[in-house]
Structures are given as structure tokens and as C-alpha cells.
Amino acid sequence: MAPKIIAAIVTMGVNLAAGIVIFFGILVAMNGFNTRQADWGLGAFIVFAIVIVTLITVGAVLLVHVLLGRKFSAIVSAMIAIPLFSIIGIVLVMIAGLTAIVIGEQVR
């Protein structure tokens with residue numbers, strides 16, 4: 001149970017940190033948009049980021065569960081799941097950030 005919890009906490013922390021950094025990047029990228037335009041993009045990003053972080057965290061926990069079932073050690077299971085799902089999550093949050101900017105631009 002401990003490797004699953006560790007994988008969930010670390011993966012969620014990494015993806016939340018990436019989401020916060022990308023959020024501020026979106027704020028800078030949307031400089032010049034009025035509030036009405038930027039709200040749609042920022043709202044979409046927040047929804048996308050929450051969904052992505054939740055699904056990626058669940059995916060990391062499930063991968064640890066599967067690897068433990070295949071007789072991998074707890075440390076190896078966590079060391080495989082954490083980087084894999086952290087990288088996938090960061091890429092998906094980046095895509096969500098670009099999508100948010102496009103949504104803000106389309107409202108414009």
C-alpha cells in the first residue's frame with residue numbers, strides 16, 4: 001500500500017507544480033486579452049488540468065498495483081510509475097495550456 005501512496009503523492013505533486021508553472025505561462029501569453037476573453041481559456045485550462053492530474057495520479061497507482069502483482073519490488077514499481085506518469089502528465093498539461101490559449105484566441 002505504501003508504494004501506491006508514494007506514487008500518488010509524488011506524481012500528483014509533480015503534475016500540480018507543472019500545472020501552476022504553465023498557468024502562469026498562460027497568464028503571460030494572454031497578456032493583452034481582455035478579461036472576458038481570457039476567462040474562457042483560463043477556465044478551460046483549470047478544468048483540463050484537474051482532470052489530467054486526477055487521471056494521471058490514478059494511472060500511476062494502477063501501474064504500481066500491476067507491477068506489484070507481477071512480483072516487482074515496491075521500490076522498482078514506484079520508480080517506474082512515477083517518472084513515466086509524471087512525464088506523460090506534464091506533456092498533457094502543456095497541451096492543455098496550448099488549448100487554453102487557442103480557446104482564448106477563438107473567443108477573441
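Along the sequence shown, residues carry numbers from 1.
Using a 4.5 Å cut-off on side-chain heavy atoms (C-beta onward), Leu42 and Ile26 make contact. Considering only heavy atoms from C-beta on, Phe23 comes within 4.5 Å of Leu27 through its side chain. Under the 4.5 Å side-chain criterion, counting only non-hydrogen atoms from C-beta, Trp40 is not in contact with Gln106. Side chains of Pro3 and Ile75 form no contact here, defined as non-hydrogen atoms less than 4.5 Å apart.
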Which atom pairs, donor and acceptor, lie under 3.5 Å between side-chain atoms of residues 89-102 and protein residues at least two apart or in another chain?
from: Thr99; atom 1: OG1; to: Ile95; atom 2: O; distance (Å): 2.8

Output a table of donor-acceptor pairs, distance under 3.5 Å, between side-chain atoms of residues 55-64 and any protein atom two or more places apart or on a different chain; print 'none' if there are none.
from: Thr57; atom 1: OG1; to: Val53; atom 2: O; distance (Å): 2.7

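Other members of the cluster containing Val28 do not exist, because no ILVMFWY side chain is joined to it at under 4.5 Å.
A single hydrophobic cluster is seen to contain both Val10 and Leu84, as judged by linkage of ILVMFWY side chains at heavy-atom distances under 4.5 Å, directly or through other members. Under a hydrophobic clustering in which Ile, Leu, Val, Met, Phe, Trp and Tyr are joined whenever their side-chain heavy atoms come within less than 4.5 Å, directly or via other members, Ile9 and Met79 fall into different clusters. The hydrophobic cluster containing Ile6 also contains Phe72, counting ILVMFWY residues as joined when their side-chain heavy atoms lie under 4.5 angstrom apart, directly or transitively.
In plain terms, the two heavy atoms of Thr54 and Ile50 that are nearest each other are OG1-O, 2.8 Å. Closest non-hydrogen pair, Ala44 versus Ile103, comes out as CB-CD1, 3.6 Å.
Screening residues 66-82 for side chain to side chain donor-acceptor pair (under 3.5 Å) gives no qualifying pairs among residues at least two apart or on separate chains. Listed by first and then second residue, the side chain to side chain donor-acceptor pair (under 3.5 Å) pairs that reach into residues 3-14 are Lys4-His65, sequence neighbours excluded.
If you take CG on Asn15 and CZ on Phe85, they are separated by 10.5 Å, rounding to the nearest 0.5 Å. Annotation: the span from Met30 atom CE to Asp39 atom CG amounts to 9.5 Å, rounded to 0.5 Å.
Residues satisfying the side chain to side chain contact (heavy atoms under 4.5 Å, CB included) criterion with Ala17, sequence neighbours excluded, are absent altogether.
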